[in-house]
Amino acid sequence: MSKILTVFYSRKGENHFPDGMRVIEKGNTAWAAEHIQAAVGGDLFEIEPVKPYSDNYRECVGQSVQDVKANARPEIKAFVENMDEYDTIFVGFPCWCGTAPMCVFTFLEHYDLTGKKIHPICTNEGSGMANSVAHLKASCPGAEVSEGLPFRGHLCEGGAEEIGAWAKAQL
């Protein structure tokens, strides 16, 4: 039996929904990560940038555009100390500018993930996985990165059954 880690970046505050903007107290990707952990067990770790992204949606978009253009690796508050113990890693993130937020790459590139199985879940409102899988594969040489699950962010809170079934199918 492999040891499982679910790592995620999620943003609360003003978020885009099909019917317009809403302020949420818990980010959509946090819901998805918790559903994964409930379905398959293992440990849960939240990626937290030292300098948080704005709670204002438009300001956050501007910050993420700047990060992507600069290929930035924003500093994060903590790393998993025992990464060598994990065989399977679920990585959750929102789709920003066609990829994962740059702080996710800060986290992943900190480790040698050779031989590990990585399963991304990308929350979005229509962009799907965009370029995130290709970028994850480039940032995790030697790891086996699956095609992942694109999941509509506004459905994450109530998506336990579907997200859980996907996670179980990856094992």
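Positions are given from 1 along the sequence.
A continuous path of ILVMFWY side-chain contacts below 4.5 Å connects Val68 to Ile76, so both sit in one hydrophobic cluster. Linking Ile, Leu, Val, Met, Phe, Trp and Tyr residues whenever their side-chain heavy atoms come within less than 4.5 Å leaves Phe17 and Leu155 in two separate clusters. Residue Phe90 is not grouped with residue Leu108 when hydrophobic side chains (ILVMFWY) are merged at heavy-atom distances under 4.5 angstrom, including chains of intermediate members. No continuous path of hydrophobic side-chain contacts links Phe151 to Leu44 [ILVMFWY only; heavy atoms under 4.5 Å]. Using a 4.5 Å cut-off between side-chain heavy atoms of Ile, Leu, Val, Met, Phe, Trp and Tyr, with links allowed through other members, Val40 and Phe45 fall into different hydrophobic clusters.
Contact detail for Thr6 and Gln37: the closest heavy-atom pair is OG1-N, 4.3 Å. Residues Cys95 and Ser127 approach most closely at SG-OG, 3.3 Å, considering heavy atoms. Residues Pro120 and Leu136 approach most closely at CB-CD1, 3.6 Å, considering heavy atoms. Residues Thr106 and Pro74 approach most closely at OG1-O, 2.8 Å, considering heavy atoms. Scanning all heavy atoms of the two residues, the minimum distance from Ala39 to Gly164 falls at CB-CA, 3.5 Å. Across every non-hydrogen atom of Phe105 and Ala100, the tightest pair is CE1-O, 3.5 Å.
The distance from atom CD of Glu46 to atom CZ of Phe107, rounded to the nearest 0.5 Å, is 11.5 Å. Distance check, rounded to the nearest 0.5 Å: CD1 of Ile89 to NZ of Lys3 gives 11.5 Å. Between atom CG of residue Leu5 and atom NZ of residue Lys116 there is a gap of 9.5 Å, rounded to the nearest 0.5 Å. Atom-to-atom distance recorded for Arg152:CZ and Cys122:SG is 11.0 Å, nearest 0.5 angstrom. Here Phe93 contributes atom CZ and Phe8 contributes atom CZ; the two are 14.0 Å apart, rounded to the nearest 0.5 Å. One distance of note links NZ of Lys117 with OG of Ser146; it measures 10.5 Å at 0.5 Å rounding.
In the displayed structure, Lys26 atom NZ is contacted under 6.0 Å by more than 12 heavy atoms of other residues, nucleotides or ligands.
By the 4.5 Å heavy-atom criterion applied to side chains, Val91 and Ile121 are not counted as neighbours. Residues Pro49 and Glu75 fail the side-chain proximity criterion, which asks for heavy atoms closer than 4.5 Å. Inter-residue side-chain proximity for Met129 and Glu147 is flagged as unmet; no heavy-atom pair is nearer than 4.5 Å.
Salt-bridge check for Glu144 with Lys137: failed, with every basic side-chain N at 4.0 Å or more from each acidic carboxylate O. Lys12 and Glu25 are not joined by a salt bridge, as no carboxylate oxygen comes within less than 4.0 angstrom of a charged side-chain nitrogen.
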Checklist entry - Going through the distances and angles, do Asp55 and Glu14 end up as a side-chain contact (heavy atoms from CB on, under 4.5 Å)? => result CA-CA 6 Å; Asp55 283 346; Glu14 187 179 40; 5.9 Å; no
Checklist entry - How far apart are the C-alpha atoms of Tyr9 and Arg11, what are their side-chain angles, what is the distance that settles it, and do they pass the side-chain contact (heavy atoms from CB on, under 4.5 Å) test? => result CA-CA 7 Å; Tyr9 170 74; Arg11 187 183 148 282; 3.7 Å; yes
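Looking at His35, its side chain does come within 3.5 Å of a backbone N or O of Glu157 through a donor-acceptor pair. At distances below 3.5 Å, not a single donor-acceptor pair connects side-chain atoms of Thr99 with backbone N or O atoms of Asn131. In this structure, Gln170 contributes its side chain and Trp166 its backbone to a donor-acceptor pair below 3.5 Å. Asn15 places a side-chain N or O within donor-acceptor distance of the main-chain N or O of Gly13, the cut-off being under 3.5 Å.
Only one option out of Asp43, Leu113, Ile4 pairs with Tyr86 in a side chain to side chain contact (heavy atoms under 4.5 Å, CB included); it is Asp43.
For the residue pair Thr29 and Thr123, a side-chain donor N or O sits within less than 3.5 Å of a side-chain acceptor on the partner. At a cut-off of 3.5 Å, with distance as the only test, no side-chain donor of Asn56 or Ser54 sits close to an acceptor on the other residue. In this model, a donor atom of one side chain and an acceptor atom of the other lie less than 3.5 Å apart for Asp67 and Tyr53. In this model, a donor atom of one side chain and an acceptor atom of the other lie less than 3.5 Å apart for Ser139 and Glu109.
Taking the six-membered ring where the residue is Trp, Tyr111 and Phe79 present perpendicular rings, their angle passing 60° and hence far from 30°.
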